[in-house]
Number of protein chains: 2
Amino acid sequence: MKTGPDFAAIAALIGDPARANMLTALMSGKALTAGELATEAGVSAQTASSHLHKLQNAGLLRLQQQGRHRYFSLSGDEVAQTLERLMGLAAGLGHLRTRTGPRDQALRTARVCYNHLAGDMGVRMFATMRRRGCFDFGDSGMVLTDAGREFVAALGITQDRMPRSKAPMCRECLDWSARKSHLAGRLGRAMLTRFETLGWARRVPETRIVQFSSRGLAKFDAMFG
Amino acid sequence: MKTGPDFAAIAALIGDPARANMLTALMSGKALTAGELATEAGVSAQTASSHLHKLQNAGLLRLQQQGRHRYFSLSGDEVAQTLERLMGLAAGLGHLRTRTGPRDQALRTARVCYNHLAGDMGVRMFATMRRRGCFDFGDSGMVLTDAGREFVAALGITQDRMPRSKAPMCRECLDWSARKSHLAGRLGRAMLTRFETLGWARRVPETRIVQFSSRGLAKFDAMFG
DNA sequence: CGTATGTTTCGATAAAGATCGAAATATGAA
DNA sequence: TTCATATTTCGATCTTTATCGAAACATACG
């Protein structure tokens with residue numbers, strides 16, 4: 001019997017191309033059906049089923065059954081951030097044979113990381129908010145200050161309109177393209193959603209790219225320098 | 001031919017038990033010979049050689065040849081942090097069948113992450129320094145402020161005594177046990193080294209555990225509350 | 001009820017790769 | 001030089017597992 005550290009099993013799961021494709025698709029934060037994930041991974045439904053079972057068994061995926069559809073999604077922030085890190089590492093190591101195409105560029109500028117904004121714009125947003133004193137970094141983690149509450153209120157985000165949950169409000173997430181932090185957690189999710197609602201940005205289907213309109217970009221720049 | 005995202009290949013490399021054992025051993029930050037790594041992984045020298053070749057080829061390991069010995073080490077912070085993240089994820093997901101033994105507890109308290117202090121004590125250290133205004137979080141990443149320079153000088157760490165390098169002085173590293181940041185980068189390394197030099201702490205051989213003496217712990221507590 | 005669709009289980013196949021024995025290579029020591 | 005140690009290369013074996021076809025199962029819809 002092979003014995004190795006626990007994380008080896010997790011890495012092995014992520015390491016299969018078909019499964020990696022599924023996980024990539026789920027990085028958008030959406031829940032996808034088994035069939036959709038099979039297509040996404042380029043394998044048959046049976047094969048996909050087997051993979052999904054393994055991923056779910058390991059705790060990487062969450063399952064919501066709705067009628068004859070089974071919706072899979074990443075089981076949480078932790079998983080998304082680990083994947084993001086792996087992507088960043090791969091991008092960094094591959095500098096020898098990496099060709100940065102236009103699509104890659106768009107990903108670096110603004111993309112969805114699980115459910116919040118990542119990329120240069122995400123990093124800028126977080127840096128500005130941090131500079132304005134929106135966060136307090138105590139022993140118990142990062143919390144939103146009064147100044148922070150005021151800041152996001154200007155965007156139309158108020159505490160009481162956000163879903164209650166035990167998940168942390170604010171969290172840092174390291175950005176692979178910039179190597180700096182951006183905002184994750186429930187607030188990060190709320191802000192990206194707000195940008196979409198306001199029409200500042202939209203998600204490009206089938207990708208993780210977030211496309212800002214020219215008006216939205218202007219608004220964003222005004223707010224986040 | 002199988003095609004998947006780049007990070008799948010990296011994850012697959014990490015996912016093999018033998019290789020994962022080698023990488024775990026290298027998380028101490030030390031460089032180890034091929035033979036030592038073979039023992040560590042529990043495989044023959046030939047097998048180890050093959051694994052090491054792959055890891056090095058992918059850019060995960062750095063090789064320093066010294067006579068008939070070949071010393072391997074992690075190629076950088078990025079790699080160490082990704083592994084740390086994976087370990088954290090595995091620890092989090094395994095809550096169903098995880099038994100936290102005493103050794104695990106020691107790891108949570110203080111351990112080596114590549115070359116800097118991690119665990120509760122690492123998190124505390126970073127939080128205190130952050131609270132004292134040791135760092136400035138600008139667009140160009142985290143930098144040491146004058147207050148920060150003063151702070152570490154009290155420990156006997158001065159800029160000019162630190163090795164010059166293009167690697168960043170300060171960097172955040174997310175801690176798996178605490179889910180909060182601790183200090184990485186050259187400064188992080190210098191501080192752990194300093195603790196060892198001062199006799200406050202020592203590394204427990206064969207493990208990643210950092211053991212503080214009672215005197216060292218008192219000093220540490222006085223400094224980092 | 002029967003039919004269509006989405007998903008899983010079973011079984012067999014095939015490919016990938018981890019493993020080690022034996023031999024080759026390289027370096028250091030006597 | 002000769003011997004010993006460290007490591008790699010080659011070749012063969014063997015286990016693991018991704019894959020898909022066929023069939024079973026589940027759910028929705030008429």
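What's counted below: heavy atoms across the whole structure, side chains too, no hydrogens, waters or symmetry copies. Order of the sequence lines sets the chain letters (A, B, ...), proteins ahead of strands, with each chain counted from 1.
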Without decimals, in angstroms, what is the distance between [X] [atom1] and [N] [atom2]?
X	N	atom1	atom2	value
A/His53	D/dT17	NE2	P	14 Å
B/His69	D/dA6	NE2	P	6 Å
B/Arg70	D/dT9	CZ	P	8 Å
B/Leu63	D/dT7	CG	C1'	11 Å
A/Leu37	C/dT7	CG	P	9 Å
A/Ile14	D/dT17	CD1	P	16 Å
B/Tyr71	C/dT27	OH	P	16 Å
B/Gln46	D/dT7	CD	C1'	10 Å

Geometric class of the A/Phe195/A/Trp200 ring pair [parallel <30°, tilted 30-60°, perpendicular >60°]: parallel

May I ask you to say what [X] touches in the nucleic acid, namely base, sugar-phosphate or nothing, with a heavy-atom cut-off under 4.0 Å?
X	answer
A/Ala38	nothing
B/Ala34	sugar-phosphate
A/His51	sugar-phosphate

Reckon [X] has a side-chain N or O less than 4.0 Å from the OP1 or OP2 of [N]?
X	N	result
A/Thr47	D/dC20	yes
B/Lys54	C/dG17	no
B/Ser44	C/dC20	yes

Measure from the side-chain heavy atoms of [X] and tell me the nearest of [options].
X	options	result
A/Ala18	D/dT19, C/dT8, D/dT9	D/dT19
A/Ser50	D/dT7, D/dT19, C/dA18	D/dT19
A/Val43	C/dA22, D/dC20, D/dT7	D/dC20
A/Thr33	C/dT9, C/dC20, C/dT7	C/dT7

Stepwise side chain to side chain contact (heavy atoms under 4.5 Å, CB included) test for B/Leu117 and B/Leu183: CA-CA 7 Å; B/Leu117 182 65; B/Leu183 181 65; over 6 Å; no

Check against side chain to side chain donor-acceptor pair (under 3.5 Å), A/Arg19 and A/His51: CA-CA 6 Å; A/Arg19 286 191 292 258; A/His51 286 311; 3.1 Å; yes

Intermediate values then yes/no, side chain to side chain contact (heavy atoms under 4.5 Å, CB included), A/Leu37 and A/Asn21: CA-CA 8 Å; A/Leu37 287 166; A/Asn21 281 325; over 6 Å; no

First encountered from the 5' end of DNA chain D, between A/Gln65 and B/Ala45: B/Ala45

Salt-bridge present (B/Glu84, B/Arg208; N to O < 4.0 Å): yes

